[in-house]
Amino acid sequence: MVNEPDSRADIPGSSLRRLKEAIFGPPLPEDLPPRIVGIIHREQERSEILISLVQICAIVFFFAFYALTPKAFPPSVPFEPIPWALALYAVFTGYRTWLAMRHELGRVLLTVSVVVDITLLMVTIWSFHLQYNLPPEMYLKAPTLMYVFILIALRTLRFEPGYVIIAGLAAAGGWIILVLYAVHVGDDSMITHSFATYVTSYSVLIGAEVDKMVSILIVTLILAISLSRSRKLLYRAAMDRQAAVDLSKFFAPEVAGRIREQKRDLVPGTAELRHAAILFIDLRGFTRLGTAMSPADVMHLLSDYQSLMVALVRRHGGSIDKYMGDGILASFGATRISDSFAADAARCLEAIVEDGKGWTARRRAGGHPAPEIATAMTCGTVMFGTVGDRDRLEYTVLGEPVNLAAKLEKHCKVEGVRGIVTRTAWQFAVSQGFAAHCAWNERPQAAVEGIDLPVDLMTHEGP
């Protein structure tokens, strides 16, 4: 009999893993994309500039506050620690700000900066007993300790919990040193177990000092855990944003914007009826030409051709619906409602024919494969919406004008022209202000393959 593995052996490990995820959040991928790491790093560098600016504002405030408030110590006191501490801190912060602006703050200097912040505060607190010429136990009651929480919280702006922990440990350790110093310099009679005696004298209540250290450590722990979870959310948000940016390149800008602004879940079968113009653009003889070219040359040809065509479509207010090999389907008035969609599409067709002829000539002169570009335009009611299934959706235009544009583009070869527009679409474009600036020919009752009835056409041979 074969012994089956006991699945219960994994229970402690899985429970510990779930507990860890509940506290610190789900783990990030082991290998984060360099682009995402770069985005977060740039945000952290900007955060260091913000931290420096906050520190500068704090220095200015405390200088002004110290200068304007009445002093509780005698005028003859030989030593005033606060102006010296603020002056040293101002010099260090200025140097730190300069490095932050130059993006030269390394981890070692960042760690030193955190420790210096805390150390300077602790030394200032320690010096109070010298300034007031009183026993060191008195500085343990100084409310200045509360500034330690500001310094710890300031480190959260970088979204790295390690620096929060360093600040918290430095603060707790610094306070332990101050307590030990006060106890060592004083005598046993200064230690009390009475809270009333503690608050009305210079006595040291060990329990009260432990409470302060515990408070510092607990606040540090809470902030570090919160920051760890927030940091993971930041990474995921950056990854989602980068994915959205990358995915938006697969859509026309109008469609990408529509997807981002969608308030409900996208589902297949959602469509709107639009009166629009359709352009179908294609390279003649591309299939035959492509078999004689290397894959790299084929892709270079397509990239060159598509860059020109897409620029023309967008310049005239159109939207690229999809790429179909060397074919390009564009729409006017579908993704974005327009009062001049037909006129815009007709102007775009003229530009495609004219610029396309020049593109072919330039490639031919350069000794490169130079197919001709043909295009056709139709107008009519189309459906614009999502097709596919829930896991793979596509925004597109559907309808008879789309099918007709594809067939008319193929008919360009039969007519020996570079551009074709249905007579109906032509008239609609003229009614919207289109005025042809080059030669067009009427082609009434043309027999088009795949279309049962003859179609009245307008043809354009190019310049």
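Here the structure is a predicted model, which is why all the values come from computation and not from measurement.
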Side-chain donor/acceptor pairs under 3.5 Å, residues 149-157, sequence neighbours excluded:
residue	atom	partner	partner atom	Å
Arg155	NH2	Glu48	OE2	3.3
Thr156	OG1	Ala153	O	2.5

Residue pair [X] / [Y]: nearest heavy atoms and the distance that separates them:
| X | Y | answer |
| --- | --- | --- |
| Ala351 | Leu312 | O-CD1, 3.9 Å |
| Leu308 | Trp359 | CD2-CB, 3.6 Å |
| Ala277 | Cys379 | CB-SG, 3.7 Å |
| Ile373 | Tyr305 | CD1-CD1, 3.8 Å |
| Ala346 | Ala429 | CB-CB, 3.9 Å |
| Gly380 | Pro401 | CA-CG, 3.7 Å |

Which distance, rounded to the nearest 0.5 Å, do you find between the [atom1] of [X] and the [atom2] of [Y]?
| X | Y | atom1 | atom2 | result |
| --- | --- | --- | --- | --- |
| Glu104 | Glu45 | CD | CD | 10.0 Å |
| Met213 | Ile218 | CE | CD1 | 12.5 Å |
| Ile281 | Gln306 | CD1 | CD | 10.0 Å |
| Phe434 | Leu349 | CZ | CG | 8.0 Å |
| Asp297 | Ser294 | CG | OG | 3.0 Å |
| Leu88 | Thr124 | CG | OG1 | 9.0 Å |

(message) Between His275 and Phe428, is the ring centroid distance below 6.0 Å?
(response) yes
Is [X] atom [atom1] crowded by more than 12 heavy atoms from other residues, nucleotides or ligands, each under 6.0 Å away?
| X | atom1 | answer |
| --- | --- | --- |
| Met101 | CE | no |
| Leu53 | CG | yes |
| Met299 | CE | no |

Flag the pair [X] / [Y] as yes when at least one side-chain heavy-atom distance between them is below 4.5 Å, and no otherwise.
| X | Y | value |
| --- | --- | --- |
| Pro136 | Tyr181 | yes |
| Met383 | Val397 | no |
| Phe92 | Leu120 | no |
| Ile206 | Val210 | yes |
| Phe341 | Arg274 | no |
| Val313 | Ile328 | no |
| Val310 | Tyr323 | yes |
| Ser230 | Phe159 | yes |

Determine whether a donor-acceptor pair (N or O, by modelled atom type, separation under 3.5 Å) exists between the side chain of [X] and the backbone of [Y].
| X | Y | result |
| --- | --- | --- |
| Arg336 | Gly317 | yes |
| Ser331 | Ala334 | no |
| Glu409 | Ala376 | no |
| Lys141 | Ser201 | yes |
| Ser194 | Thr197 | yes |

### Query
Does the side chain to side chain contact (heavy atoms under 4.5 Å, CB included) test come out yes or no for Thr375 and Phe280, once each step is laid out?
CA-CA 5 Å; Thr375 181; Phe280 197 93; 5.8 Å; no
Step by step, work out the side chain to side chain contact (heavy atoms under 4.5 Å, CB included) result for Tyr89 and Gln55.
CA-CA 9 Å; Tyr89 194 47; Gln55 290 174 323; 3.0 Å; yes
Tell me, please, which residues at least two apart from [X] pass salt bridge (charged side-chain N to carboxylate O under 4.0 Å, His left out).
| X | result |
| --- | --- |
| Asp304 | Arg363 |
| Asp282 | none |
| Glu43 | Arg46 |

Mind running side chain to side chain contact (heavy atoms under 4.5 Å, CB included) on Leu105 and Arg96 for me, showing each step along the way? CA-CA 8 Å; Leu105 268 176; Arg96 185 188 182 285; 4.3 Å; yes
For residues 219-226, please give each side-chain donor-acceptor pair under 3.5 Å, one per line with the distance, not counting sequence neighbours.
residue	atom	partner	partner atom	Å
Thr220	OG1	Ile216	O	2.7

Let me see the working for Met309 and Ile352 under side chain to side chain contact (heavy atoms under 4.5 Å, CB included), right down to the final yes or no.
CA-CA 7 Å; Met309 295 299 104; Ile352 288 172; 3.7 Å; yes
Tell me whether Glu160 is salt-bridged to Arg107, with the criterion being a basic N under 4.0 Å from an acidic carboxylate O. yes
Atom pairs and distances, donor-acceptor, side-chain atoms in residues 164-177, under 3.5 Å, two or more places apart:
residue	atom	partner	partner atom	Å
Trp175	NE1	Glu209	OE1	3.0

